[in-house]
Amino acid sequence: MKNLDPTRAKWIRVRMGLLSGIMALGLGGFVSSAYRVQVEDAASWKETAENQRQRRLHIEPKRGGIYDRNGAALAASVEVPSISADVVEMLKGIDGQNTQAAALIDFSTRIAGALGMDPSDVHQKLANRRRFVWLKRRVTAEEAQAIRDLGDVKKHGGAYGPGKGAVKGLGVEGEGRRYYPGRELAGPVLGFVAPDGFGKDGLELSLDEELRGRVEEVRGLRDRSGRLIFSEGTTDESSLAGHDVHLAIDQAIQRVAERELDVAFRTYETKGASLVVMDPSSGDLLAMVSVPGFNPNDYGEAEADARRDRAVTDRFEPGSVMKVFTVAAALAAGSLKPTETIFCEHGTYSIGNVTIHDTHQNDWLTTTQVLAKSSNIGALKIGLALGEPGLYAAYRRFGFGEPTGLPLPGEASGVLRPRARPWFEVETANASFGQGISVTTVQLAAAMSAIANGGKVMEPILVRKITDARGNVVREWAPHVRREAVPQAVAKTVTEMLTAVVEDGGTGVEAAMSGFRVAGKTATAQKVDPATGKYSEDKYTASFVGFVPADKPRLVIAVVLDEPMIGRYGGDLAGPVFRRVAEASLRYLGVPPSNAAPKIKNVKGSDADPSLVSMKPDEPAAAEDGDGAGAAGTPVAAAGPAPLAGPPLPSSVKVPDTAGMGARDAVRAVGAVGLVPVVEGSGKLVKQLPAAGSAVPKGSSVRLVFEPAS
Amino acid sequence: MMTIRNRRLAPVVQQLALPLDAKPNRAASDRPVDVVLAAIVIALIGFGVVMVYSASAVQATLHMHDPQFFLKRQAAYAVVALCVFFLVGAVDYHRLYKLTYPVLGGVGILLLMCVVGLGHSGGGATRWLAVGPVHVQPAEMSKLALVCWLSYSLAKKADKVKTFTVGFLPHLLVAGVFMFLCMKQPDFGSSVVLLLLTFTMLFVAGAKVGYILGASMLGGVFGAVSIMSKQYRLDRWLAWQNMDQHRADLAYQPFQSVMAFGSGGPWGTGVGKGLQTLYLPEAHNDFIAAIIGEELGFVGILSLCVVFLALVARGVRAAYRAPDDYGSYLAFGISTMFGAQALVNLCVALAIFPTKGLTLPFLSFGGSSLLVNAAAAGILLNVSRQGMAAPAPELETPAPPRVAEDPLLDEPLFDAGARDDESVASALGEPSLLGDAASVKETA
């Protein structure tokens with residue numbers, strides 16, 4: 001059976017051994033290569049692989065939202081589809097250089113048709129034949145559908161032919177797009193997000209890290225087509241998402257404040273304006289307005305000037321508002337008695353070679369009158385009596401000269417000692433009435449809050465809490481007393497003095513409100529003309545800072561108008577803004593008017609009334625009784641975040657007769673029965689629609705037409 | 001006895017299969033099998049199922065919505081493959097020669113069917129034939145068919161192998177037809193393996209080295225032309241040359257594969273923890289070695305090489321001990337088939353060779369490859385079993401006592417190979433084993 005010739009068999013075995021040896025050598029070569037790659041170069045390969053996985057995180061984790069204090073969204077991220085292409089995949093199965101080039105042109109035309117793009121643009125993007133290229137980002141739902149149709153094998157068939165056959169390798173991926181439902185609402189506070197996913201201004205910038213979500217927390221990975229793969233059993237994308245930011249701002253108050261400030265901005269043709277509404281008991285910033293504002297949805301259209309939040313970034317010489325703190329400091333230090341009278345030199349007073357004037361020539365004024373009439377000479381005498389160190393220290397205690405610590409970019413600290421040395425006498429005198437120093441609107445509101453709440457300087461709170469995507473609180477800002485600026489008794493005394501400012505004879509009568517006692521201070525500060533370095537004759541900062549109700553303050557409002565072209569005085573210009581914002585906000589908050597407060601008959605400028613559309617339609621008339629104080633807080637929650645459009649009430653009511661009533665009373669009468677007054681014109685009430693006595697559903701609107709009396 | 005058997009054959013086979021001096025060795029059927037060889041094959045198949053799962057789970061989840069899609073199929077193939085392995089192993093290889101021409105012709109027809117357009121396309125090539133729900137890959141079968149036919153033909157021709165017209169040309173022509181058909185699919189890798197097998201076996205059988213070198217040169221020219229003629233092959237070749245520039249497009253696969261090896265490091269990331277499966281297309285198939293490299297590290301790759309080396313060494317051992325030329329050629333051809341494919345596949349995975357589209361025997365996903373390789377291993381098992389039936393050494397040519405005393409448990413080749421590549425080479429050429437072969441001759 002054996003067919004083996006011994007020599008032949010031997011040589012066969014030798015040759016087999018030889019070949020086996022060659023194979024073994026080859027294997028040895030492979031092993032040595034593997035050793036080089038896997039042991040010697042392992043670290044660099046590992047890094048390359050890691051970079052690849054990192055680099056392919058195309059989609060940012062979902063950005064957290066920004067909400068107001070009642071949970072209404074101010075900024076939200078929505079997923080918008082984007083179109084990408086894998087050109088290698090696209091050309092798979094198409095052989096030949098020429099065929100591929102032709103196919104690429106054909107595909108470009110069809111894709112361009114679906115996306116409404118220029119075919120040559122598409123072709124340019126495809127020409128590099130990359131495995132991943134964005135074709136168009138943020139497309140509409142129709143465009144995304146058109147792309148899905150193009151890739152549908154069932155519809156077009158798998159095989160490629162000119163103008164037919166499914167286009168492979170097209171991807172539709174969701175990308176986050178920032179959306180601001182309130183449009184301009186709080187725009188400068190919120191800022192905006194650039195297309196690369198980074199916040200560029202406002203809270204979006206300063207809280208970017210929290211909002212964006214952390215990539216290094218990502219335990220999942222993406223594969224080569226960018227799909228998210230979770231390796232460790234995590235299936236919850238919310239673990240990657242950014243944190244939600246909950247603000248102290250109340251959307252409703254913010255809206256009213258923005259509207260009123262914008263009206264003032266246009267009416268008085270100011271360069272800019274800012275407004276801060278603060279809750280003095282907690283430090284919560286209920287509204288923070290900067291005009292001109294911008295719509296973060298179209299941030300590209302806005303100028304950089306409109307995007308900054310003037311309430312924190314702009315410092316200015318505050319003027320007479322500082323007299324409040326000068327007086328408070330002097331009272332606290334004991335250098336001034338509340339009952340003291342001060343000789344005001346008939347309006348002219350010289351310190352060295354500097355002469356200081358008052359607007360009105362006064363002789364002897366009580367401390368209260370110094371504030372009410374805003375006498376510079378009275379204030380500087382109080383300041384000089386207190387002395388430089390005392391005044392400076394008091395200002396610092398009120399929080400001037402240092403940032404308030406709000407999480408906003410570019411906060412100015414203001415400057416108390418511009419020459420970085422203690423004031424000379426004349427500088428102390430100037431500082432006593434707010435000249436030669438600079439502050440921000442937020443600082444003024446915070447300092448006035450300290451007067452309002454009995455001397456405690458509260459930390460201003462813009463962000464109340466940050467929660468992760470599952471709702472767990474990551475960080476929280478509770479009300480925090482920074483220090484006591486003045487004793488409670490002093491604060492009470494100053495408050496009483498400040499109520500005189502809005503009473504007859506004071507500078508702030510425009511800020512007076514019916515049913516509420518108002519405490520506040522006007523300021524009309526000359527601006528330094530940058531051209532001359534001297535105080536300008538026609539450039540002013542008009543402001544009003546005050547709180548209401550004076551005996552139990554709920555709101556501190558600081559209104560600052562920068563360089564009004566029409567008008568000048570803080571009382572005339574900023575006072576009405578304060579009043580309108582305060583009225584609407586108090587009504588919104590359900591704070592009942594007090595019987596003890598003066599009923600102001602002669603309300604100037606009944607054009608104030610349009611602000612009342614924001615009142616709650618079903619604001620109970622019982623509030624007039626003054627016994628609703630205990631329930632003051634509850635209507636807020638019941639009203640919810642959208643008081644402007646109260647819930648439709650089922651029952652119908654009779655339209656009250658408003659004939660002969662004043663604007664205020666007419667609006668109140670209509671509002672009392674659950675109807676929404678719509679005010680047109682100003683002056684005397686001439687018309688009412690629908691007519692009195694007709695039955696209409698609760699919540700419907702009643703037109704009240706006014707005409708000037710003459 | 002031989003003639004009686006031949007008379008019962010079909011006329012075609014009768015004509016072609018006449019003068020092979022080989023007959024069933026009845027004594028071998030109750031011999032114990034080569035346990036080491038069987039263990040290696042079973043271990044490789046089992047390991048393959050695990051690695052296929054690890055490499056395919058993510059892709060299977062994404063595309064099939066079933067993480068076990070490939071696992072289930074590979075496990076089923078593995079069960080069938082093991083049955084095939086033992087069944088074929090139980091059949092005396094001497095009976096196989098009758099099947100040589102039917103198998104060769106059948107495979108040729110299947111290959112032709114692929115080429116003329118009856119095949120099933122996938123990945124830009126037509127390599128599959130759909131038989132009901134099963135897709136078979138004739139190119140995989142063609143390798144074993146060619147090895148079987150070459151073994152038969154070379155053994156039959158014996159000394160005439162040295163001649164050109166009888167010994168060299170016919171073999172080259174048959175192989176050439178197969179290669180042409182593979183090339184047409186296109187399956188460049190299989191063609192290369194077919195050529196490699198043909199030359200190897202011709203060389204072993206004693207064909208003139210000059211002819212082989214000449215044909216090799218011809219093959220090289222032909223290969224170069226075929227690379228040049230197809231743009232995608234040229235592109236792929238150039239991309240492989242400048243891998244760094246083409247890591248995003250044409251060299252994407254080899255680059256990702258090397259990255260998988262490298263990121264595995266010396267010890268690997270652990271089975272199932274590889275991340276390159278996300279980036280490496282066909283990770284469970286041609287590039288499974290990359291995933292092994294990543295998940296088991298250099299240690300795993302080294303072990304894998306040792307196991308393949310042991311498989312080939314065990315096969316060569318069987319070839320040395322085979323009772324006749326036919327068995328010897330069969331065993332060596334099959335061993336070379338395993339060894340060459342594994343080596344080429346590994347080198348492709350490490351980007352030492354350009355991408356070819358070859359499977360890693362026993363490990364890559366795919367039924368055709370697994371079943372064909374299992375059948376081949378079965379033949380090898382049977383050859384090894386008969387080799388063990390070698391009679392006790394004669395006194396005049398004393399064989400090394402270790403080999404003779406207990407051939408089953410004694411594994412000088414395996415042990416040597418496991419320790420060192422070089423020592424295997426020397427062990428293969430050890431005179432003691434040649435002495436064994438000489439003893440075989442003496443008994444004839």
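The sequence lines fix the lettering, A, B, ..., with proteins before strands; numbering per chain opens at 1.
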For this session: Given side-chain contact (heavy atoms from CB on, under 4.5 Å), test A/V31 with B/I301 step by step and report yes or no.
Result: CA-CA 8 Å; A/V31 168; B/I301 286 295; 5.7 Å; no

Exercise. Which heavy atom in A/L19 sits nearest to a heavy atom in B/T200, and how many Å separate them?
Worked result: CD1-CG2, 3.2 Å

Exercise. In residues 334-342 of chain B, which residues are in contact with chain A at a heavy-atom separation under 4.5 Å?
Worked result: B/T336, B/G339, B/A340

Problem set entry | Polar side-chain atom of A/Y35 near backbone of B/F298 as donor-acceptor pair, under 3.5 Å | no

Exercise. Going by heavy atoms in the side chains, are B/F203 and A/L18 under 4.5 Å from each other?
Worked result: yes

Exercise. Of all heavy-atom pairs between B/A322 and A/R13, which one has the smallest distance, and what is that distance?
Worked result: O-NH2, 4.1 Å

For this session: Would you confirm whether A/Q38, through its side chain, and B/G264, through its main-chain N or O, come within 3.5 Å as a donor-acceptor pair?
Result: no

For this session: Applying side-chain contact (heavy atoms from CB on, under 4.5 Å), name anything that partners B/A205, two or more places apart in sequence or on another chain.
Result: B/L154, B/V161, B/Y329

Exercise. Roughly how far, to the nearest 0.5 Å, is CG of A/L27 from CG of B/L309?
Worked result: 5.5 Å

For this session: Report the residues that fulfil side-chain contact (heavy atoms from CB on, under 4.5 Å) with A/W11, sequence neighbours left out, ordered by chain and then residue number.
Result: A/V14, A/R15

Problem set entry | Minimum heavy-atom distance between B/F332 and A/S20, given as atom pair plus value | CE1-OG, 3.6 Å

Exercise. Is A/Q145 atom CD crowded by more than 12 heavy atoms from other residues, nucleotides or ligands, each under 6.0 Å away?
Worked result: yes

Problem set entry | More than 12 heavy atoms from other groups under 6.0 Å of CD on A/E40 | yes

Exercise. Which atoms form the tightest heavy-atom contact between A/M16 and B/A319, and what is the distance?
Worked result: SD-CB, 3.8 Å

Problem set entry | Spacing of CG belonging to B/L350 relative to CZ belonging to A/F30, to within rounding of 0.5 Å | 5.0 Å

For this session: Identify which part of B/L343 has an atom lying under 4.5 Å from any heavy atom of chain A, answering side chain, backbone, both or neither.
Result: side chain

Exercise. Which residues pass the side-chain contact (heavy atoms from CB on, under 4.5 Å) test with A/Q100, sequence neighbours left out?
Worked result: A/L91, A/I94, A/R129

Seminar exercise, completed: CG (A/D41) and OG (B/S263) are apart, to the nearest 0.5 Å, by 12.5 Å

For this session: Nearest 0.5 Å please: distance from the CZ atom of B/F255 over to the OG1 atom of A/T48.
Result: 6.0 Å

